[in-house]
A.B. asks: 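I am attaching a structure below and will ask some questions about it afterwards.
Every chain is numbered from 1, with letters handed out A, B, ... down the list of sequences.
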Amino acid sequence: MDVSFILDDLNDKQRDAVAAPLQNTLILAGAGSGKTRVLVHRIAWLMHAYELSPYSLLAVTFTNKAAKEMQARIEQLVGVPPQGMWVGTFHGLAHRLLRAHWRDAGLKENFQIMDSDDQLRLIKRLMKAFNIDDTRWPPKQVCWFINAQKDEGRRAAHVVDSHDPFTRGMKELYFHYEEACEQGGLLDFGELLLRAHELLLGNPSLLRHYQERFAHVLVDEFQDTNSIQYAWLRILVGNQGSITAVGDDDQSIYGWRGAKIENIHNFSKHFPDVNTIRLEQNYRSTGHILKAANGLISNNDDRLGKELWTDSGEGEPISLYAGFNEQDEARFIIDIIKKWRDKGSNLSDMAVLYRSNAQSRVVEECLVREQVPYRIYGGHRFYDRLEIKNALAYARLAIDPNDDGAIERVINVPPRGIGERSIGTLRELARDQGYSLWKAAQVVAQQGLLPARATNAIRSFLELIEGMSSCIQQPELGLGDVFEQIIQEAGLIPFHEKEKGEKGEARVENLKELVSAASGFSWSSDDEEFSSPLMAFLDKAVLDAGEAQADEYQDSIQLMTLHAAKGLEFPLVFLTGVEENLFPSKMSFEEPGRLEEERRLCYVGITRAMEKLYITYAESRRLYGSESFNSPSRFISEIPTGCIEEVRLRSQVSRPVSMQRPTVNRPTSSVLSSMQKPVIDISMGDRVNHPVFGEGLVINSEGQGPQTRVQVNFDDEGTKWLVLAFAKLEVL
DNA sequence: AACAAGACCATTTTT
DNA sequence: TGGTCTTGTT
């Protein structure tokens, strides 16, 4: 068979990777080196060269987006959809296993998946029921604790006993939580992975079946795997199978949520006969940008080692801009954006990246003022919206009214006269008798345990849900009709319509959107694991967030966090707020290893840029209400001098005369040179002590060498300019 | 049940 | 600073 189409148009290294023998393979794919392409071509290669059936392949990614893209590209390359191949996210595939083998996994047939919101609600509910002090054990932390344990593959029973009461409380809560999930047939995200792993571990024949089936497993973004995902891969690959892991240790930025960079570092130790291939040729960025990225990341230890290169020229150097404050920073960015736009670039080719979401606002405000359209990435996801979750909760109740979480959510939404007191009675009865809330409501309605008005309200709620139940059983109704009915009967539309402001309108729109999403939902018949289309749809709603937002096709600037930017590329990129305490975030200073992760994050940011990169920071920044003075990030000084140059405002950027900013405030010294070879040991934001004026904060500086003057805001004496050479300042 | 005032809190995010 | 959640008032 002619397989040349699979290997043509690849560079040597890519070809090595694609056509690597059928054995354990680690592909270290640098940013912009054609990673996805290699993965897709490798799949095609395995099928053609080794005559592996798609049935014996499994490809796993982290996001639905990546999974969909891979699926589409395989199809595009091979010409037909790869029948029988498993392509999906870790969670999606684990879910699939559990649906197929729910009995072996010790689950109820109609188990439900909870998203993080449901999970937190459940924990709160539990803590109320057990009367646990939520100031000592904040629910969010409990949630975080449980998830972290699951990421490590630990059940409550595995948590080491501790003498410290806090941890003991956590462990106890974890036990309660496990029990509640068991009872309610509820699985959180971590549970999907943990349970799927246990399923295989505990069923040798099942395990053998899947090990024999999957001759080869492929993993994308391997550097982001956590312990349980890694364990799942290892057990699935077993001794006869093999694995291709694609990843980049320099882009491991999810350690804070359990990802283990060790997984990629120790890959060759844990899997036998590993063939390691490095993809270092970059097709995305200019030479200067790559040089900066390489230089920066070389400050990290313990790397597998990689150096990106390009043969497409140096390009423009990176520009560094020191904003006077965050407003000035934003204005500068927008000036450049407008210039690019006026030269004919698309706004969608430009991205503003920041470390934390809070930073976006200033930029947004400025963009609004200047009437430049923008789009924020990673906002609220469709299925996370309140109105959508409510509608889905009704649907869940229609399937199984004993779903306490769903009842709690919608029993009084829209308000129907079942207030806090009535719900309290239901909870009490349910707890004492071991009933579900639904059962408790039935009992209350029958025996009239509450005042007439409340009892009637409960009765009509029961009828409402029963009506929905029979509605979903009508086979002639499509999924869209079902949701139409549910929303109708629950009265959600008029409820949101009377909400004031635009909000209500948007919610009504979203509900309509839900109906159309439901009617467009295709339930492919090879998903036999699911007992009904509605159940499949509900699972999809939890596992697949839905497109970030069905956006208007308007050409717009892209705003996003650095994390959200991973995997994307833009001709023009702004890396903003590159200041100590912000980026690297001050939260990262305590724990070892976190700073290196911040550096990798910076590396990710730099390598997003194709043609031109601007790095900006502000000398003073108003964040969370108070003003802070941060020095330029250490990462700036870690970029090799040759590939970065400072923007001198006056000569390059025109600025409205009206803008009140005394030029004197702008440091005339080059920030770069002073950073790389500090003339003075004082920087903005330092606390200093003066023999006469006392303590103060350095808020500005001017001049260079012996002429350096600094402006200090003294605690008692106000602000003063001082010549560094004469003032006897002591840095505190 | 609706609304107002006050407390609290705030890296990063997918599933 | 501002957004969310809780508490208190009518």
Side-chain angles (χ1 to χ4, degrees), chain A residues 60-67 88-95 113-121 124 134-135 138-140 144 147 150-151 187-194 196 221 224-226 228-229 252-259 326 353-362 365 377-381 383-384 386 412-422 453 457 495 498-500 539-546 548 560-567 577 581-591 594 597-598 600-602 604-605 621-628:
Chain A
V60 59
T61 63
F62 278 85
T63 65
N64 290 298
K65 196 175 151 210
T89 63
F90 279 101
H91 297 266
L93 297 179
H95 178 227
I113 307 170
M114 289 185 287
D115 65 16
S116 3
D117 183 54
D118 301 329
Q119 190 187 18
L120 189 62
R121 280 162 165 273
K124 283 183 181 161
D134 61 357
T135 50
K140 274 199 177 141
W144 183 86
N147 289 338
K150 291 195 178 189
D151 281 347
L187 274 72
D188 59 45
F189 290 129
E191 185 71 26
L192 287 171
L193 303 171
L194 186 50
E221 306 278 15
D224 289 333
T225 49
N226 65 26
I228 189 71
Q229 288 161 337
S252 164
I253 55 173
Y254 286 109
W256 51 274
R257 64 175 199 212
E326 77 284 354
L353 310 183
Y354 35 81
R355 177 66 240 266
S356 72
N357 286 306
Q359 288 165 250
S360 72
R361 194 153 82 238
V362 191
E365 280 165 0
Y377 248 69
H380 280 265
R381 306 174 317 167
Y383 292 110
D384 277 351
L386 178 110
N412 205 31
V413 177
R416 50 171 70 88
I418 307 177
E420 209 37 55
R421 289 194 57 105
S422 315
R453 188 144 41 116
F495 169 60
K498 38 173 211 267
E499 246 177 319
K500 55 183 174 189
D539 284 336
K540 178 194 134 80
V542 184
L543 283 176
D544 187 352
M560 67 192 84
T561 64
L562 284 150
H563 283 91
K566 192 168 89 163
N581 299 324
L582 210 64
F583 190 28
S585 153
K586 60 170 173 283
M587 323 285 278
S588 70
F589 295 154
E590 325 262 303
E591 254 179 284
R594 296 292 293 276
E597 183 157 309
E598 296 281 309
R600 293 194 289 270
L601 191 55
C602 188
V604 167
R621 179 176 299 271
R622 183 164 273 280
L623 203 64
Y624 301 138
S626 55
E627 200 168 23
S628 52

A.B. asks: Please report the distance, rounded to the nearest Å, between CG in A/Asp117 and P in B/dT13.
C.D. replies: 17 Å
A.B. asks: Just verifying a value: how many Å separate A/Leu187 CG and A/Asp118 CG, rounded to the nearest 0.5 Å?
C.D. replies: 12.0 Å
A.B. asks: Quantified in whole Å, what is the P atom distance between nucleotide C/dC5 and nucleotide B/dT12?
C.D. replies: 16 Å
A.B. asks: Between B/dT14 atom P and A/Asp544 atom CG, what is the distance in whole Å?
C.D. replies: 12 Å
A.B. asks: Of all the choices, B/dA2, C/dG2, B/dT15, which nucleotide is nearest to the side chain of A/Pro415 once you look at every atom?
C.D. replies: B/dA2
A.B. asks: Would you state whether a donor and an acceptor, one from the side chain of A/Arg381 and one from the base of B/dT15, lie under 3.5 Å apart?
C.D. replies: no
A.B. asks: Toward the 5' end of DNA chain B, which comes first, A/Gly625 or A/Gly92, by nearest nucleotide?
C.D. replies: A/Gly625
A.B. asks: Need one value for A/Asn357: base, sugar-phosphate or nothing, where a base atom within 4.0 Å counts as base even if backbone is also close, heavy atoms only.
C.D. replies: sugar-phosphate
A.B. asks: May A/Trp256 be described as stacking on the base of B/dT12, applying a 5.5 Å centroid limit and a 30° limit on plane angle?
C.D. replies: yes
A.B. asks: Calculate the interatomic distance between A/Leu120 atom CG and B/dT13 atom P; express it in whole Å.
C.D. replies: 18 Å
A.B. asks: Under 4.0 Å between any heavy atoms, over every strand shown, what does A/Gly417 touch: base, sugar-phosphate, or nothing? Just pick one.
C.D. replies: sugar-phosphate
A.B. asks: If you pin A/Phe62 and A/Gly419 to their nearest nucleotides in DNA chain B, which one's is more 5'?
C.D. replies: A/Gly419
A.B. asks: By nearest atom, which of the nucleotides C/dT1, B/dT15, B/dT11 is closest to the A/Arg594 side chain?
C.D. replies: B/dT11
A.B. asks: Side chains of residues 581-588 of chain A: which donor-acceptor partners sit under 3.5 Å, not counting sequence neighbours?
C.D. replies:
residue	atom	partner	partner atom	Å
A/Asn581	ND2	A/Asn630	OD1	3.0
A/Ser585	OG	A/Met587	N	3.0
A/Ser588	OG	A/Ser585	O	2.6

A.B. asks: Hey, are A/Gln359 and A/Ser356 close enough side-chain-wise for a donor-acceptor pair under 3.5 Å?
C.D. replies: yes
A.B. asks: When you measure from the side-chain N and O atoms of A/Tyr624 to the phosphate of B/dT11, is any distance below 4.0 Å, counting only OP1 and OP2?
C.D. replies: yes
A.B. asks: Is there a donor-acceptor pair closer than 3.5 Å between any side-chain N or O of A/Asn412 and the backbone N or O of A/Arg416?
C.D. replies: yes
A.B. asks: Under 4.0 Å between a side-chain N or O of A/Thr561 and OP1 or OP2 of B/dT11?
C.D. replies: no
A.B. asks: Answer yes or no: does a side-chain N or O of A/Asn412 lie under 4.0 Å from OP1 or OP2 of B/dA1?
C.D. replies: yes
A.B. asks: A/Tyr254 side chain: which of B/dT15, B/dT13, B/dT12 is closest?
C.D. replies: B/dT13
A.B. asks: Identify the heavy atoms of A/Glu597 and A/Tyr254 that sit nearest to each other, and give their distance.
C.D. replies: OE2-N, 3.7 Å
A.B. asks: Can you check the A/Phe90 CZ to B/dT15 P distance for me, whole Å?
C.D. replies: 13 Å
A.B. asks: Please determine if a side-chain N or O atom of A/Asn226 lies less than 4.0 Å away from the OP1 or OP2 oxygen of B/dT15.
C.D. replies: no
A.B. asks: Using whole Å, what does the distance between atom C1' of nucleotide B/dC8 and atom CG of A/Asp134 come to?
C.D. replies: 13 Å
A.B. asks: Just call it for A/Asn64: base, sugar-phosphate, or nothing, with non-hydrogen atoms closer than 4.0 Å on any strand.
C.D. replies: sugar-phosphate
A.B. asks: Could A/Glu326 and A/Arg622 be called an ion pair, given the rule that one side-chain N must be under 4.0 Å from one carboxylate O?
C.D. replies: no
A.B. asks: Do side-chain atoms of A/Gln229 reach the backbone of A/Asn226 as a donor and acceptor pair under 3.5 angstrom?
C.D. replies: yes
A.B. asks: So what does A/Glu420 touch, heavy atoms closer than 4.0 Å: a base, only the sugar-phosphate, or nothing?
C.D. replies: nothing
A.B. asks: Quickly work out the A/Leu353 CG to B/dT11 P distance and round it to whole Å.
C.D. replies: 20 Å
A.B. asks: Please tell me if A/Arg257 has a side-chain N or O lying less than 4.0 Å from either OP1 or OP2 of B/dT12.
C.D. replies: no
A.B. asks: Which is true for A/Ser626 with a 4.0 Å heavy-atom rule: it touches a base, it touches only sugar-phosphate, or it touches nothing?
C.D. replies: nothing
A.B. asks: Given B/dA10, B/dT12, B/dT14, identify the nucleotide with an atom nearest to the side chain of A/His563.
C.D. replies: B/dT12
A.B. asks: Which whole-number value in Å describes the distance from A/Ile113 CD1 to B/dT14 P?
C.D. replies: 17 Å
A.B. asks: In whole angstroms, how far is the C1' atom of B/dT15 from the CG atom of A/Asp384?
C.D. replies: 11 Å
